[in-house]
J.: 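One structure is given below, represented as structure tokens, and several questions about it will come after.
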Amino acid sequence: MIIEPVVKGVVARSAHPFGCQQAIRNQINYVRTADPVTDGPKKVLVLGASSGFGLASRISLAFGGSMADTIGISFERGPSEKGVGTAGWYNNIFFREEAEKAGLIGKNFIGDAFSPQMRQQVIEYIKTEFGGQLDLVVYSLATGVRPNPETGELWRSSIKTMGEPVTGPTINIETDTMEQMTIGTATPEEVEDTEKVMGGEDWASWIDILSDAGVLATGCKTVAYSYVGPKATYPIYHQGTLGRAKAHLHATADQLNNKMSEMGGEAYVSVCKALVTKASVFIPAFSPYILALFKVMKDKGVHEGCIEQMQRLYAQRLYGKDKIVPVDDNRLIRVDDWELEEDIQQQVSELMVKITPENFTTMGDYQGYKTDFMQLNGFDLEGVDYQADISFETLTQLVA
Ligand code: NAD
Ligand code: NA
């Protein structure tokens, strides 16, 4: 079969396995020549390792100087009668292959990171085959649902405001159109449920259980990712349900830091730049901001993707040269610093008001936005033979 892109709204319904392989290789090539991570961790667990920031973290830590063995947990689907499977499925496979070529472990666990069984399997593996202890735990899950560990009932996150409803344009990648949509006001229950899904509770639970099992090394660090953004997007993000959940995540970092400091460890949240990922394209009214931001940052030569962000985080912040992790007044690591620079934001605001449904494909960086989205799914990459006839057997023979 010839694998073609299929997009429904903002969801990719197909992925190109060898495009994903190329994307992994491109990221590896980038970190190999970038400012390296020195004195970095050697044994790393990444929750949410198959795409976006988690995958970039894993690549940075394995190939960007630290040469870490990694365990990656993710929720992905392989080839079946339903289709070729998800991009993340192939990212896991080709990451592992590249890691093994470099003499590193790249162990993949595919399944629900929220489940007790997953915790037990991973701990067992760390003890029996991974050398017994971790130096770093990266928490990079992004999801819309989490089961209540007590009842199994599902909490669902909502992307809503906590004040007045907000109307703003959103992009439909399938039709290349910009459509108005309104984000309603969350009920108290929706606020709480979003915090359950995207707040820090599950992160803390993982750290507790790993610590109780004795698999956190002295000096072990942990990091989770957040977004804050400029004032212009506060009503939809920072002061909405997602922002509230992130506030919980930030508070969790402080609690975990107290706990982990007893064994010389540290816990942080890193605030990252707005980027196109499988998760972020869902955030309504956010796309005009990203279109303007990409355009301005590219014009200024300071644009970064996930891999550049993560390499900078690990090389210059978490394992930076002066050994003390630089943080802001709220003890947050800021790799969104370039995004938030005053002159960048000034130009972004000026551009955002000019972006309309009629002109967004040229006024903002829609080309870049769409290319990023396609590349997340293994399409539009240079050097890939998209006319290749790929058999189903070829795909089922690839193992995680
Ligand atoms: P993503 O969708 O690319 O990655 C999410 C990962 O979580 C995938 O590996 C997926 O398989 C995994 N996952 C989801 N549910 C799971 C489950 N039940 N069990 C196991 N694995 C599961 O998302 P992303 O944008 O890279 O987001 C990662 C983090 O970065 C989030 O905390 C997000 O808020 C944060 N962040 C994102 C942006 C952005 O613009 N994209 C900016 C700043 C911070
Ligand atoms: Na260093």
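One-based numbering, in listed order, for ligands and for the atoms of each. Computed from a prediction, not measured in an experiment: that's the story for all the values here.
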J.: Identify, by atom number and element, the atoms of ligand 1 in contact range of Glu76, meaning under 4.0 Å from any of its heavy atoms.
T.: 10 (C), 11 (O)
J.: When you measure from the heavy atoms of Ser226 to every atom of ligand 1, does any distance fall below 4.0 Å?
T.: yes
J.: Evaluate side chain to side chain donor-acceptor pair (under 3.5 Å) for Glu76 paired with Ser50, printing each intermediate quantity in order.
T.: CA-CA 8 Å; Glu76 299 294 346; Ser50 60; 2.5 Å; yes
J.: Here's a test for you: under side-chain hydrogen bond (donor to acceptor under 3.5 Å, both in side chains), which of Asp176, Asp380, Thr361, Asp365 qualifies with Lys370?
T.: Asp176
J.: So, does Gly72 sit close enough to ligand 1 that a heavy atom of it is under 4.0 Å from the ligand?
T.: no
J.: Check the pair Ser280 / Tyr227 against side chain to side chain donor-acceptor pair (under 3.5 Å), numbers first and verdict last.
T.: CA-CA 11 Å; Ser280 71; Tyr227 184 69; over 6 Å; no
J.: Between Cys306 and ligand 1, find which residue part has any heavy-atom pair under 4.0 Å and reply side chain, backbone, both or neither.
T.: neither
J.: Could Arg331 and Tyr268 be counted as a cation-pi pair, given that NZ or CZ must be under 6.0 Å from the ring centre and within 45° of the axis?
T.: yes
J.: Please identify which atoms of ligand 1 are closer than 4.0 Å to at least one heavy atom of Ala279.
T.: 2 (O), 23 (O), 25 (O)
J.: Aromatic contact between Phe109 and Tyr125, with the criterion being ring centroids under 6.0 Å apart: yes or no?
T.: yes
J.: Specify the closest pair of heavy atoms between Ala49 and Ser74, including all atoms of both residues, with the distance to one decimal.
T.: N-CB, 4.3 Å
J.: Just to confirm my output: which protein heavy-atom neighbour is closest to atom 1 (P) of ligand 1, and how far is it?
T.: Ser51 OG, 3.5 Å
J.: Which of the atoms in ligand 1, numbered in the order shown and given with their element, are less than 4.0 Å from a heavy-atom of Lys278?
T.: 2 (O)
J.: Exactly one of Leu136, Thr38, Leu313 should register a side-chain contact (heavy atoms from CB on, under 4.5 Å) with Tyr319. Which one does?
T.: Leu136
J.: With atoms numbered from 1 as shown, which atoms in ligand 1 lie under 4.0 angstrom from a non-hydrogen atom of Phe114?
T.: 18 (N)
J.: For Gly52, take its heavy atoms, then give the atoms of ligand 1 lying under 4.0 Å from any of them.
T.: 3 (O), 26 (O)
J.: Return the option from Ala56, Ala113, Ala142, Gly48 holding the heavy atom at the smallest distance from atom 19 (N) of ligand 1.
T.: Ala113
J.: Let me see the working for Thr233 and His238 under side chain to side chain donor-acceptor pair (under 3.5 Å), right down to the final yes or no.
T.: CA-CA 7 Å; Thr233 65; His238 187 60; over 6 Å; no
J.: In the protein, which heavy atom is nearest to atom 13 (N) of ligand 1, and how far is it?
T.: Leu141 CD2, 3.9 Å
J.: Would you say Thr70's side chain and Arg58's backbone share a donor-acceptor pair under 3.5 angstrom?
T.: no
J.: What do the steps show when you test Lys43 against Asp69 for salt bridge (charged side-chain N to carboxylate O under 4.0 Å, His left out), and what is the final call?
T.: CA-CA 5 Å; Lys43 295 284 179 179; Asp69 289 328; 2.8 Å; yes
J.: Atom 28 (C) of ligand 1: which protein heavy atom is closest, and how many Å away?
T.: Ser140 OG, 3.1 Å
J.: So among Ser57, Ser140, Ser270, which one has a side-chain hydrogen bond (donor to acceptor under 3.5 Å, both in side chains) with Tyr225?
T.: Ser57
J.: Check whether any N or O atom of Gly54, backbone or side chain, sits under 3.5 Å from an N or O atom of ligand 1, and answer yes or no.
T.: no
J.: What verdict does the side chain to side chain donor-acceptor pair (under 3.5 Å) test give for Trp203 and Thr222, after you've listed the backbone C-alpha separation in whole Å, the side-chain angles of each residue and the deciding distance to 0.1 Å?
T.: CA-CA 9 Å; Trp203 180 26; Thr222 187; 2.9 Å; yes
J.: Give the residue, atom name and distance (to 0.1 Å) of the protein heavy atom nearest atom 24 (P) of ligand 1.
T.: Thr277 OG1, 3.8 Å
J.: Look at atom 20 (C) of ligand 1 and find which of Gly111, Ser270, Ala224 reaches it with the closest heavy atom.
T.: Gly111
J.: Nearest protein heavy atom to atom 8 (C) of ligand 1, by residue and atom, and its distance?
T.: Ser50 OG, 3.4 Å
J.: Need the ligand 1 atom indices (1-based, order shown) with element for anything under 4.0 Å from a heavy-atom of Lys246.
T.: 31 (C), 32 (O), 33 (C), 34 (O)
J.: By number and element, which atoms of ligand 1 are closer than 4.0 Å to a non-hydrogen atom of Ala49?
T.: 9 (O)
J.: Which residue and atom name correspond to the protein heavy atom nearest atom 35 (C) of ligand 1, and how close is it?
T.: Tyr225 CB, 3.8 Å
J.: Mind checking whether Met162 and Tyr237 sit in one hydrophobic cluster, side chains of I, L, V, M, F, W, Y counted as touching below 4.5 Å?
T.: no
J.: Tell me whether Met118 reaches ligand 1 (any heavy atom closer than 4.0 angstrom to a ligand atom).
T.: no
J.: Within ligand 1, which atoms have a heavy atom of Leu275 less than 4.0 Å away?
T.: 39 (C), 40 (O), 41 (N)
J.: Tell me, please, whether Phe294 has Lys273 positioned over its six-membered ring: NZ or CZ under 6.0 Å from the ring centre and within 45 degrees of its axis?
T.: yes
J.: Would you kindly specify which portion of Ser280 sits under 4.0 Å from ligand 1, judged on non-hydrogen atoms: side chain, backbone, both or neither?
T.: side chain
J.: Considering only the protein, which heavy-atom contact is closest to atom 42 (C) of ligand 1, and what is its distance?
T.: Lys273 O, 3.2 Å
J.: Which heavy atom of the protein is the closest neighbour of atom 37 (C) of ligand 1, given with residue, atom name and distance?
T.: Phe53 CE1, 3.5 Å
